[in-house]
Amino acid sequence: MVRVLKELRPENTIPFEMPTHCPVCGQPVVREKGEAVTRCVNISCPAILKGSIEHWVSRNALDIRGMGEKVVHQLVDKELVNSVADLYELTEDTLANLERMGQKSAQKLIEAIEKSKSKPWSRVLYGLGIRHVGSSIAQTVTEKFDSVDKLAAAKVTDIEAIYGIGVEIAESIYKWFRIEANQTLIERLKNQKLQFIEIQSAASSNISKKLEGKTFVVTGTLPSLSRDEAKELIQKFAGKVSNSISKNTDYLVVGENAGSKLTKAEKLGIAQLSEEQLLEMVNS
DNA sequence: GAGCCTCGAGATCT
DNA sequence: CTCGAGGCTC
């Protein structure tokens, strides 16, 4: 890709101009120190909005099924949605009027939006799209700050005190909560009954570490668990999940239509488990 | 029934 | 990232 561009250029002498304004909304862009790129920081820029909504609905965030790229773009372009909080005020009829959407899809989508309200605080935090806060950091942060109110009130040094979190992330979170638009967003989402407090279920607070020290890889289609559910289950019991087979893999959980991972595991003589056997390991 | 959209899975690289 | 399957609209 880069090579092609160079070849197309008559001489390699044309300097690449760093954009000073957002190509989509025309607002000035900002370059953070130490970064090689500029970013649009206009919170109502359509491009930023689309990105943040796509992130909010994504698998590891609020997991709103049926809300794909096309739907998000339509909602933003028609100005039906100006922030993620607006998603919770959409009606079935509004959705059914979108291109390529019928009553049935609209109904399913409304259900998926409703369902997202029960997603845990860690996913909500990840969904907010704070710079440097990915799903793993969000998980770590919510283990120490079990509600937004506590996190919003925390000083940089409080956040930085968490093992595995440095100044950069701590400052990023701290700054995010000082922005007024973000504060009102949180208020709206609270009223819409999103989860901002970690519910300590009796099961998770006192769970055994049965799989501690073991590394798993999942392949194929399992009879009842989805891939992510299987991963979550393993992690819940302190096991590690990897995406590829290596000498360090302890078990391969095998489902229907397993591919090259099974072949490789056989070659390395790695123990195999069925979904049923995995469940037995954690339930025994 | 064709085409559109979303989603899961494997492969591959970093 | 790319492919293919499945569900839904039109």
Side-chain angles (χ1 to χ4, degrees), chain A residues 1-5 34-37 46-47 49-78 80-81 84 87 90-116 119 123 126-127 131-132 134-137 164 168 215-235 239-249 251-268 270 272-275 278:
Chain A
M1 183 61 166
V2 173
R3 193 160 45 94
V4 173
L5 286 175
E35 293 208 348
V37 293
L49 204 48
K50 286 171 183 169
S52 53
I53 294 167
E54 280 168 19
H55 175 70
W56 179 265
V57 305
S58 69
R59 265 336 68 80
N60 295 326
L62 280 292
D63 193 19
I64 301 180
R65 303 293 169 123
M67 178 95 75
E69 191 192 353
K70 297 284 174 178
V71 177
V72 172
H73 284 219
Q74 285 188 70
L75 289 172
V76 172
D77 291 339
K78 298 188 176 183
L80 292 167
V81 167
V84 291
L87 294 176
L90 290 169
T91 65
E92 199 176 308
D93 285 340
T94 313
L95 289 173
N97 281 327
L98 298 175
E99 297 289 316
R100 284 255 131 211
M101 276 277 260
Q103 211 67 44
K104 184 152 188 174
S105 298
Q107 188 191 333
K108 284 190 148 188
L109 192 44
I110 291 286
E111 280 167 17
I113 293 172
E114 262 330 282
K115 232 175 117 185
S116 76
K119 291 287 187 291
R123 280 174 176 250
Y126 170 59
R131 280 213 80 68
H132 304 123
S135 51
S136 160
I137 296 289
E168 197 165 342
T215 301
F216 294 76
V217 171
V218 185
T219 189
T221 313
L222 302 177
S224 72
L225 297 172
S226 77
R227 233 182 170 63
D228 280 343
E229 284 168 343
K231 286 183 183 178
E232 276 175 29
L233 179 74
I234 293 165
Q235 286 165 349
K240 280 190 179 158
V241 180
S242 160
N243 290 315
S244 56
I245 300 277
S246 76
K247 284 177 281 192
N248 303 322
T249 312
Y251 298 101
L252 177 68
V253 183
V254 191
E256 200 80 10
N257 298 323
S260 66
K261 286 179 190 167
L262 178 56
T263 323
K264 192 168 179 185
E266 280 168 348
K267 208 172 278 178
L268 293 173
I270 285 158
Q272 294 173 25
L273 294 175
S274 63
E275 177 188 298
L278 172 66

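Here is the naming used below: chain letters follow the sequence lines, and residue numbers restart at 1 for every chain.
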Asks: If you walk 5' to 3' along DNA chain C, what is the first nucleotide with an atom under 4.0 Å of a heavy atom in chain A, and what is the last?
Replies: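 Nucleotide range with atoms under 4.0 Å of chain A: dG7(C) to dC10(C).
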Asks: Restricting to non-hydrogen atoms, name the atom on Leu95(A) and the atom on Met101(A) that form the minimum distance, rounded to 0.1 Å.
Replies: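 What the structure gives for the nearest pair is O-CB, 3.4 Å.
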Asks: Once you round to the nearest 0.5 Å, how far does CD of Glu69(A) lie from CD1 of Ile53(A)?
Replies: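 Result: 13.0 Å between the selected atoms.
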Asks: Does anything in residues 95-114 of chain A reach DNA chain C, meaning a heavy atom under 4.0 Å, and if so which residues?
Replies: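 The answer is Arg100(A), Met101(A), Gly102(A), Gln103(A), Lys104(A), Ser105(A), Lys108(A).
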Asks: Could you work out, with ring pair (Phe, Tyr, Trp, His ring centres under 6.0 Å) as the rule, every residue matching His132(A), not counting sequence neighbours?
Replies: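 Partners of His132(A) by the ring pair (Phe, Tyr, Trp, His ring centres under 6.0 Å) criterion come out as none, since no residue qualifies.
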Asks: Just how far is it from atom NZ of Lys247(A) to atom CG of Leu268(A), taken to the nearest 0.5 Å?
Replies: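 It is 9.0 Å, given to the nearest 0.5 Å.
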Asks: If a protein heavy atom is under 4.0 Å from the base, mark B; if only from the sugar-phosphate, S; if neither, -; do that for nucleotides 6-14 of chain B going 5' to 3'.
Replies: SSSSSS---
Asks: Do any N or O atoms from the side chain of Arg227(A) and from the backbone of Leu222(A) form a donor-acceptor pair under 3.5 angstrom?
Replies: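 Here the side-chain-to-backbone pair does not exist.
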Asks: Measuring from Arg59(A):CZ to Arg65(A):CZ, what's the distance to the nearest 0.5 Å?
Replies: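 Here the interatomic distance stands at 4.0 Å.
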Asks: Not counting sequence neighbours, which residues clear salt bridge (Lys or Arg N to Asp or Glu O under 4.0 Å) with Asp228(A)? List them please.
Replies: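 Here no residue qualifies.
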Asks: To the closest 0.5 Å, what do you measure between CZ (Phe216(A)) and OG1 (Thr249(A))?
Replies: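 Answer rounded to 0.5 Å: 10.5 Å.
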Asks: Nearest 0.5 Å, what's the CG-CG distance between Leu62(A) and Leu87(A)?
Replies: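 Reported value, rounded in 0.5 Å steps: 9.0 Å.
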Asks: Can you name the side-chain hydrogen bond (donor to acceptor under 3.5 Å, both in side chains) partners of Lys50(A), sequence neighbours left out?
Replies: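 Testing Lys50(A) for side-chain hydrogen bond (donor to acceptor under 3.5 Å, both in side chains), a comparison that skips the adjacent residues, returns Asp77(A).
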